[in-house]
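Heads up, the thing below is written out as structure tokens.
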Amino acid sequence: MPVKTRGSAQIDKAQRRIALIKSIEENLDLGYNLTVPNYAQLIEETRSALEDYNTLLPQVAEARQKLEALEKELGATSERMLSGVAMKFGKSSIEYTKAGGKVRQRAKSLNSESMEESPLLTIATNGSTSSNGKAIKVN
């Protein structure tokens, strides 16, 4: 992602304003520290801060890219570590769960008794089946 530097509408406005104020009087002093030299100094400080900000942006983008790459590598290594624990101790081991693995519950296998008790499945004498409890004739 390209780094977008920014400009400042306030700096642009202030530079135009100081030029206009200087046309009234080069060293206008309005009291309360509102002088042309103070105003010019504030404009320059703000412009310098904006320049510093825009100079730092590429470094921030580079640091972000480095961080994202390291996070990706860390995620992959974390998965490999868990897989290594699973290979060494097995997925149903206490060590695997201690390492953050989740032990999956095995599905109970259907045996012949449970099939006979199921009201949704009827096996007809000719070998046809239906899921609604009715026998289907199959040729």
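Nothing here was measured: the structure is a model prediction, and the numbers come from that model. Along the sequence shown, residues are numbered consecutively beginning with 1. Only heavy atoms go into these numbers, but all of them, side chains included; no hydrogens, no water, no symmetry mates.
In this structure, CE on M87 lies 11.0 Å from CZ on R80, to the nearest 0.5 angstrom. How far CG of L30 is from CD of E25: 9.0 Å, rounded to the nearest 0.5 Å. Atom NZ of residue K72 and atom CG of residue L67 lie 13.5 Å apart, to the nearest 0.5 angstrom. With values rounded to the nearest 0.5 angstrom, Q15 atom CD is found 8.5 Å from E44 atom CD. For the atom pair CG (N27) and OG1 (T35), the distance works out to 8.0 Å, reported to the nearest 0.5 Å. Rounding to the nearest 0.5 Å places NZ of K13 at 12.0 Å from CD1 of I43.
The pair R47-E51 meets the salt-bridge criterion, with a side-chain N (NZ, NE, NH1 or NH2) lying under 4.0 Å from an Asp/Glu carboxylate O. Looking at K98 and E95, no side-chain N of the basic residue comes within less than 4.0 Å of a carboxylate O on the acidic one, giving no salt bridge.
Of all non-hydrogen atoms in N54 and P58, the two that sit nearest each other are O-CD, 3.4 Å.
No more than 12 heavy atoms of other residues, nucleotides or ligands lie within 6.0 Å of CD in E73, so this atom counts as exposed by the packing criterion. Heavy-atom neighbours of N33 CG from other residues, nucleotides or ligands within 6.0 Å: at or below the threshold of 12.
Between Y96 and L82 there is a side-chain heavy-atom pair separated by less than 4.5 Å. Residues I21 and Y39 form a side-chain contact, since some pair of their non-hydrogen atoms from C-beta on lies under 4.5 Å apart. Side-chain contact check for Q10 versus T46: every heavy-atom pair is 4.5 Å or farther apart. Using a 4.5 Å heavy-atom cutoff, the side chains of V36 and E26 are not in contact.
The main-chain N or O of L20 is found under 3.5 Å from a side-chain atom of S23 such that the two form a donor-acceptor pair. The main-chain N or O of L74 is found under 3.5 Å from a side-chain atom of S78 such that the two form a donor-acceptor pair.
In the hydrophobic cluster analysis, where Ile, Leu, Val, Met, Phe, Trp and Tyr join through side-chain heavy atoms closer than 4.5 angstrom, I18 is grouped together with L28.
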Start with the C-alpha distance between I11 and L50, add both sets of side-chain angles, then the distance that settles side chain to side chain contact (heavy atoms under 4.5 Å, CB included), and finish with yes or no. CA-CA 9 Å; I11 292 172; L50 177 63; 3.8 Å; yes
